[in-house]
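Structure provided below as C-alpha coordinates; questions to follow.
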Amino acid sequence: MTSLEHARALDEPRPVAAFRLADQHGQVFEDTQLRGTWSVLFVGFTHCPDICPATLSLLASAQKRAGIAPDRLRTIFVSVDPERDTPGHLAEYMGHFNPEWKALTGEKAVIDRLLGSLEMAYVRVPMGNGEYTMDHSTALALIDPEGRMRGYFAAPLNAAELAEDLGKIARAGR
(Lines give C-alpha, C1' and ligand atoms only; values in the text may rest on other atoms or scores of the structure.)
Protein backbone atom coordinates (compact mmCIF):
# COMPACT_ATOMS: atom_id res chain seq x y z
CA MET A 1 0.00 0.00 0.00
CA THR A 2 1.14 3.53 -0.71
CA SER A 3 2.77 5.04 2.38
CA LEU A 4 0.19 7.24 4.05
CA GLU A 5 0.87 9.77 6.74
CA HIS A 6 -2.55 10.14 8.35
CA ALA A 7 -4.47 6.89 7.77
CA ARG A 8 -4.20 3.98 10.13
CA ALA A 9 -3.16 0.99 8.05
CA LEU A 10 -4.24 -2.51 9.04
CA ASP A 11 -1.51 -5.10 9.56
CA GLU A 12 -3.37 -7.43 7.18
CA PRO A 13 -6.08 -6.49 4.67
CA ARG A 14 -9.53 -7.40 5.97
CA PRO A 15 -12.14 -9.02 3.71
CA VAL A 16 -15.28 -7.00 3.11
CA ALA A 17 -18.47 -9.04 3.53
CA ALA A 18 -20.47 -9.88 0.43
CA PHE A 19 -23.34 -7.46 0.01
CA ARG A 20 -26.00 -6.36 -2.45
CA LEU A 21 -27.50 -2.92 -1.84
CA ALA A 22 -29.20 -0.22 -3.93
CA ASP A 23 -27.50 3.04 -4.88
CA GLN A 24 -29.15 6.46 -4.98
CA HIS A 25 -30.40 5.76 -8.52
CA GLY A 26 -32.03 2.46 -7.56
CA GLN A 27 -29.27 0.44 -9.26
CA VAL A 28 -27.74 -2.62 -7.63
CA PHE A 29 -24.33 -2.09 -6.05
CA GLU A 30 -22.47 -5.20 -4.88
CA ASP A 31 -19.22 -5.95 -3.10
CA THR A 32 -17.67 -7.06 -6.42
CA GLN A 33 -17.99 -3.46 -7.61
CA LEU A 34 -15.46 -2.40 -4.99
CA ARG A 35 -12.77 -4.00 -7.12
CA GLY A 36 -10.69 -2.09 -9.63
CA THR A 37 -10.08 1.18 -7.80
CA TRP A 38 -9.54 2.52 -4.30
CA SER A 39 -12.65 3.48 -2.33
CA VAL A 40 -13.30 5.50 0.78
CA LEU A 41 -16.45 4.49 2.66
CA PHE A 42 -18.38 6.46 5.28
CA VAL A 43 -21.51 5.40 7.18
CA GLY A 44 -24.23 7.77 8.30
CA PHE A 45 -27.77 8.92 7.61
CA THR A 46 -29.40 11.84 5.83
CA HIS A 47 -31.28 13.13 8.88
CA CYS A 48 -28.00 13.56 10.75
CA PRO A 49 -27.83 17.12 12.06
CA ASP A 50 -24.06 17.54 12.26
CA ILE A 51 -21.48 14.73 11.90
CA CYS A 52 -22.59 13.42 8.50
CA PRO A 53 -22.91 16.71 6.62
CA ALA A 54 -19.69 18.00 8.20
CA THR A 55 -17.77 14.84 7.28
CA LEU A 56 -19.11 14.70 3.73
CA SER A 57 -18.34 18.40 3.22
CA LEU A 58 -14.83 17.90 4.56
CA LEU A 59 -14.34 14.89 2.30
CA ALA A 60 -15.57 16.86 -0.73
CA SER A 61 -13.20 19.70 0.16
CA ALA A 62 -10.25 17.33 0.58
CA GLN A 63 -10.91 15.63 -2.74
CA LYS A 64 -11.29 18.96 -4.53
CA ARG A 65 -8.08 20.25 -2.92
CA ALA A 66 -6.21 17.13 -4.08
CA GLY A 67 -7.76 17.25 -7.56
CA ILE A 68 -9.11 13.72 -7.27
CA ALA A 69 -11.26 12.49 -10.15
CA PRO A 70 -14.10 10.08 -9.20
CA ASP A 71 -12.62 7.36 -11.43
CA ARG A 72 -9.40 7.44 -9.38
CA LEU A 73 -11.06 7.19 -5.95
CA ARG A 74 -14.62 6.00 -5.39
CA THR A 75 -16.50 7.58 -2.49
CA ILE A 76 -19.30 5.55 -0.91
CA PHE A 77 -21.83 6.66 1.70
CA VAL A 78 -23.69 3.76 3.36
CA SER A 79 -26.91 4.71 5.11
CA VAL A 80 -27.54 3.18 8.52
CA ASP A 81 -31.15 4.41 8.31
CA PRO A 82 -32.73 2.47 5.44
CA GLU A 83 -36.18 3.15 6.91
CA ARG A 84 -35.95 6.84 5.93
CA ASP A 85 -33.10 6.84 3.42
CA THR A 86 -34.69 5.73 0.17
CA PRO A 87 -32.68 5.89 -3.06
CA GLY A 88 -34.48 9.10 -4.06
CA HIS A 89 -33.77 10.74 -0.72
CA LEU A 90 -30.11 9.68 -0.96
CA ALA A 91 -29.84 11.15 -4.49
CA GLU A 92 -31.11 14.49 -3.24
CA TYR A 93 -28.78 14.42 -0.24
CA MET A 94 -25.67 13.50 -2.25
CA GLY A 95 -26.38 16.40 -4.59
CA HIS A 96 -25.29 18.69 -1.74
CA PHE A 97 -21.82 17.12 -1.68
CA ASN A 98 -20.95 15.29 -4.90
CA PRO A 99 -23.61 13.61 -7.05
CA GLU A 100 -20.93 11.34 -8.58
CA TRP A 101 -20.38 9.62 -5.23
CA LYS A 102 -22.28 6.43 -4.45
CA ALA A 103 -24.87 6.34 -1.67
CA LEU A 104 -26.16 2.92 -0.63
CA THR A 105 -29.21 1.66 1.20
CA GLY A 106 -30.96 -1.66 1.59
CA GLU A 107 -31.93 -4.34 4.04
CA LYS A 108 -30.75 -3.87 7.61
CA ALA A 109 -29.29 -7.40 7.76
CA VAL A 110 -27.12 -6.71 4.70
CA ILE A 111 -25.96 -3.36 6.09
CA ASP A 112 -25.20 -5.03 9.44
CA ARG A 113 -23.08 -7.73 7.74
CA LEU A 114 -21.16 -5.15 5.68
CA LEU A 115 -20.48 -2.84 8.61
CA GLY A 116 -19.58 -5.76 10.86
CA SER A 117 -16.84 -6.77 8.41
CA LEU A 118 -15.50 -3.20 8.59
CA GLU A 119 -15.81 -3.14 12.40
CA MET A 120 -18.15 -0.17 12.17
CA ALA A 121 -21.17 0.17 14.42
CA TYR A 122 -24.42 2.05 14.68
CA VAL A 123 -27.41 2.11 16.98
CA ARG A 124 -30.91 3.56 16.71
CA VAL A 125 -31.55 6.01 19.57
CA PRO A 126 -35.21 6.73 20.44
CA MET A 127 -36.00 10.38 21.09
CA GLY A 128 -39.68 10.02 22.07
CA ASN A 129 -42.90 10.54 20.13
CA GLY A 130 -41.78 7.93 17.58
CA GLU A 131 -38.75 10.03 16.56
CA TYR A 132 -35.23 8.66 16.56
CA THR A 133 -31.67 9.44 15.64
CA MET A 134 -28.75 7.18 14.77
CA ASP A 135 -25.39 7.03 16.54
CA HIS A 136 -22.71 5.61 14.25
CA SER A 137 -19.01 5.13 13.59
CA THR A 138 -17.32 8.24 12.24
CA ALA A 139 -14.21 6.71 10.68
CA LEU A 140 -13.63 6.58 6.93
CA ALA A 141 -12.81 3.04 5.77
CA LEU A 142 -10.20 2.67 3.05
CA ILE A 143 -10.94 -0.15 0.59
CA ASP A 144 -8.21 -1.32 -1.80
CA PRO A 145 -8.68 -2.24 -5.51
CA GLU A 146 -9.06 -5.90 -4.51
CA GLY A 147 -12.12 -4.98 -2.43
CA ARG A 148 -10.45 -5.41 0.97
CA MET A 149 -10.33 -2.98 3.88
CA ARG A 150 -6.74 -1.72 4.13
CA GLY A 151 -7.08 0.99 6.75
CA TYR A 152 -9.13 3.88 8.02
CA PHE A 153 -9.08 7.54 8.87
CA ALA A 154 -10.22 8.19 12.43
CA ALA A 155 -12.01 11.30 13.68
CA PRO A 156 -11.29 14.08 14.09
CA LEU A 157 -10.70 14.41 10.38
CA ASN A 158 -8.63 17.15 8.78
CA ALA A 159 -9.19 18.26 5.16
CA ALA A 160 -5.50 18.95 4.46
CA GLU A 161 -4.43 15.58 5.85
CA LEU A 162 -7.15 13.76 3.93
CA ALA A 163 -6.20 15.61 0.74
CA GLU A 164 -2.58 14.55 1.18
CA ASP A 165 -3.28 10.86 1.76
CA LEU A 166 -6.22 10.47 -0.62
CA GLY A 167 -4.25 12.31 -3.29
CA LYS A 168 -1.42 9.78 -2.91
CA ILE A 169 -3.87 6.91 -3.25
CA ALA A 170 -5.56 8.40 -6.31
CA ARG A 171 -2.21 9.09 -7.99
CA ALA A 172 -0.95 5.56 -7.24
CA GLY A 173 -4.05 4.10 -8.91
CA ARG A 174 -4.62 0.41 -8.89
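Scope of the values below: all heavy atoms of this structure, side chains included, with no hydrogens, waters or symmetry mates.
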**Pairwise distance CZ(Arg171) to CD1(Ile68) - rounded to 0.5 angstrom** = 8.0 Å

**Prompt:** Does the side chain of Thr75 reach to within under 4.5 Å of the side chain of Leu59, using non-hydrogen atoms?
**Reply:** yes

**Request:** Assess the side chains of Thr105 and Asp85: does a donor N or O sit below 3.5 Å from an acceptor N or O?
**Result:** no

**Prompt:** Counting only N and O atoms by type, is there a donor-acceptor contact under 3.5 Å from the side chain of Ser117 to the main-chain atoms of Leu114?
**Reply:** yes

**Complete:** So the ring-ring contact (aromatic ring centres under 6.0 Å, His included) pairs with at least one residue in residues 93-130 (sequence neighbours excluded) are Phe77-Tyr93, Tyr93-Phe97

**Asked** Between Cys48 and Pro53, what is the shortest heavy-atom contact and its length?
**Response** O-CD, 3.6 Å

**Asked** Which distance, rounded to the nearest 0.5 Å, do you find between the CD of Glu161 and the NE2 of His6?
**Response** 4.5 Å

Could you list the donor-acceptor pairs under 3.5 angstrom formed by side chains in residues 123-133, with sequence neighbours left out?
from, atom 1, to, atom 2, distance (Å)
Arg124, NH1, Glu83, OE1, 2.8
Tyr132, OH, Asp81, OD1, 2.6
Tyr132, OH, Arg84, NE, 3.1

**Fill in**
In terms of heavy-atom contacts, Ser61 and Ala159 come closest through OG-CB, 4.3 Å

**Prompt:** In terms of heavy-atom contacts, does CZ of Arg113 have more than 12 from other residues, nucleotides or ligands at under 6.0 Å?
**Reply:** yes

**Asked** Taking all non-hydrogen atoms of both residues, which atom of Ala66 and which atom of Gly167 are closest, and how far apart?
**Response** CB-CA, 4.0 Å

**Shortest non-hydrogen contact between Ala170 and Arg72, atoms and distance** = O-NH2, 2.8 Å

**Message:** Working to the nearest 0.5 angstrom, can you tell me the gap between Met94 CE and Gln24 CD?
**Reply:** 6.5 Å

**Message:** With heavy-atom distances below 4.5 Å as the criterion, would you say the side chains of Arg74 and Gln33 are in contact?
**Reply:** no

**Item:** Side-chain heavy-atom pair Asp165, Phe153 within 4.5 angstrom cut-off
**Value:** yes

**Item:** Close side-chain approach of Val80 to Leu115, heavy-atom, < 4.5 Å
**Value:** yes

**Message:** Please give me the minimum heavy-atom distance between Ala17 and Asp31, naming the atom from each residue.
**Reply:** O-CB, 3.8 Å

**Heavy-atom side-chain proximity of Leu73 to Ile169 below 4.5 angstrom** = yes

When the side chains of residues 136-145 are checked against the rest of the protein, which donor-acceptor pairs come out under 3.5 Å, sequence neighbours left out?
from, atom 1, to, atom 2, distance (Å)
His136, ND1, Val43, O, 3.2
Ser137, OG, Ala121, N, 2.7
Ser137, OG, Ala121, O, 3.2
Asp144, OD1, Glu146, N, 2.9
Asp144, OD1, Gly147, N, 3.1
Asp144, OD1, Arg148, N, 2.9
Asp144, OD2, Arg148, NE, 3.0
Asp144, OD2, Arg148, NH2, 2.8
Asp144, OD2, Arg150, NH1, 3.3

**Message:** Within this structure, what is the NZ-CG distance for the pair Lys102 and Leu34, rounded to the nearest 0.5 Å?
**Reply:** 11.5 Å

**Message:** Would you say that Ile111 contacts Pro82 through its side chain, given a criterion of any heavy-atom pair below 4.5 Å between the two side chains?
**Reply:** yes

**Asked** For the atom pair CG (Leu90) and OG (Ser79), what is the distance rounded to the nearest 0.5 Å?
**Response** 5.5 Å

**Request:** State whether the number of non-hydrogen atoms from other residues, nucleotides or ligands found under 6.0 Å of Glu107 atom CD is greater than 12.
**Result:** no

**Fill in**
Interatomic distance, CG@Leu56 vs OG1@Thr46, rounded to 0.5 Å, equals 11.0 Å

